[in-house]
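Shown next, in structure tokens, is the structure this report addresses.
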Amino acid sequence: MAGLVDSIIALAPPENPPPAFESRVLAGMTGNCCLAAAFHDGRRRVGTAFAYQGSPSWLFLVVQSASGSGAYRATLVRTDGLRVPLGEVPVSGGRGSWGTTIDTPVAQVGRIVLARPGAGDLVAAFWP
């Protein structure tokens, strides 16, 4: 599993894509899709969230440079505003990864929020 995670992380560019990039990519896709969105702490990029539409659909969250250690509470925020609790993401020394299956269609995943008491939220927005 660690090799897969490293391979997926290596695919993510170090900077954000241009505006509306995701929409252009999705417009050309049919069938199952995999999306990626960068986690930000309000100042900088700290990780990546991956979403896959399939059977089952899943999320895989990678934190690469958060401040501190501890369990982050993961919440999926749908495009209609509904909040879906997902679980806890363990982070040690600023790094961690975690995955889960989801019942929400990927097209309805607006953002993923990671929250930990005493730390700022980490947010990955799939849709504006």
Side-chain angles (χ1 to χ4, degrees):
M1 182 72 141
L4 173 64
V5 172
D6 291 340
S7 298
I8 291 173
I9 292 170
L11 295 173
E15 62 276 332
N16 290 326
F21 172 78
E22 295 91 347
S23 299
R24 291 193 307 268
V25 170
L26 286 175
M29 295 180 79
T30 59
N32 295 341
C33 68
C34 187
L35 301 176
F39 274 111
H40 289 87
D41 66 1
R43 298 180 324 253
R44 60 192 174 88
R45 180 180 178 157
V46 297
T48 308
F50 300 93
Y52 174 77
Q53 178 66 49
S55 183
S57 295
W58 51 258
L59 291 172
F60 193 78
L61 313 178
V62 179
V63 178
Q64 296 168 292
S65 58
S67 58
S69 298
Y72 281 79
R73 187 179 63 254
T75 302
L76 180 156
V77 182
R78 294 179 11 165
T79 54
D80 64 5
L82 181 69
R83 300 176 72 83
V84 180
L86 297 173
E88 290 191 347
V89 179
V91 173
S92 177
R95 300 176 62 88
S97 60
W98 181 83
T100 189
T101 58
I102 58 172
D103 294 326
T104 301
V106 169
Q108 293 178 10
V109 176
R111 65 188 184 278
I112 305 297
V113 178
L114 301 181
R116 180 171 66 92
D121 290 352
L122 309 180
V123 180
F126 287 97
W127 310 109

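Across all non-hydrogen atoms, the minimal contact from W98 to P90 is CD1-CD, 4.2 Å. Between S57 and Q53, the shortest heavy-atom distance links the atoms OG-NE2, 3.2 Å. In this structure, A124 and A37 approach most closely via the heavy-atom pair CB-O, 3.9 Å. Contact detail for S97 and F60: the closest heavy-atom pair is CB-CZ, 3.9 Å. Between S69 and G94, the closest heavy-atom pair is OG-N, 4.3 Å. Taking both residues in full, the closest heavy atoms of A66 and V46 are given as N-CB, 4.3 Å, listed atom of the first, atom of the second, then distance.
With a 6.0 Å radius and a threshold of 12 heavy atoms from other residues, nucleotides or ligands, D80 has its CG atom above the threshold.
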message: I'd like to know whether L59 forms a side chain to side chain contact (heavy atoms under 4.5 Å, CB included) with Y52, so could you lay out the CA-CA distance, the side-chain angles of the two residues, the decisive distance to 0.1 Å, and finally the verdict.
response: CA-CA 6 Å; L59 291 172; Y52 174 77; over 6 Å; no
- request: Using the side chain to side chain contact (heavy atoms under 4.5 Å, CB included) rule, take I102 and L86 through it: C-alpha gap first, then chi angles, then the decisive distance, then the call.
  value: CA-CA 8 Å; I102 58 172; L86 297 173; 4.2 Å; yes
task: Decide side chain to side chain contact (heavy atoms under 4.5 Å, CB included) for V77 and V113; before the verdict, give the C-alpha distance in whole Å, the side-chain angles of both, and the deciding distance to 0.1 Å.
output: CA-CA 7 Å; V77 182; V113 178; 4.1 Å; yes
- request: Run the numbers on V123 and F39 for side chain to side chain contact (heavy atoms under 4.5 Å, CB included), then give the verdict.
  value: CA-CA 5 Å; V123 180; F39 274 111; 5.6 Å; no
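Within the model, atoms CZ of R111 and CG of D121 stand 9.5 Å from one another, a figure rounded to the nearest 0.5 Å. If you take CZ on R95 and CD on Q64, they are separated by 6.0 Å, rounding to the nearest 0.5 Å.
No side-chain donor-acceptor contact under 3.5 Å links Q108 and T104. S65 and R44 are linked by a side-chain donor-acceptor pair at a separation below 3.5 angstrom, with hydrogens and angles left out of the test.
Two residues are said to be in side-chain contact when any heavy atoms from C-beta on lie closer than 4.5 Å; V106 and L35 meet this criterion. Within the 4.5 Å cutoff, the side chain of F50 has no heavy atoms near those of the L61 side chain. Residues V84 and R78 have side chains in contact (heavy-atom distance under 4.5 Å, counting atoms from C-beta outward). For the pair Y72 and L122, the minimum side-chain heavy-atom distance is below 4.5 Å.
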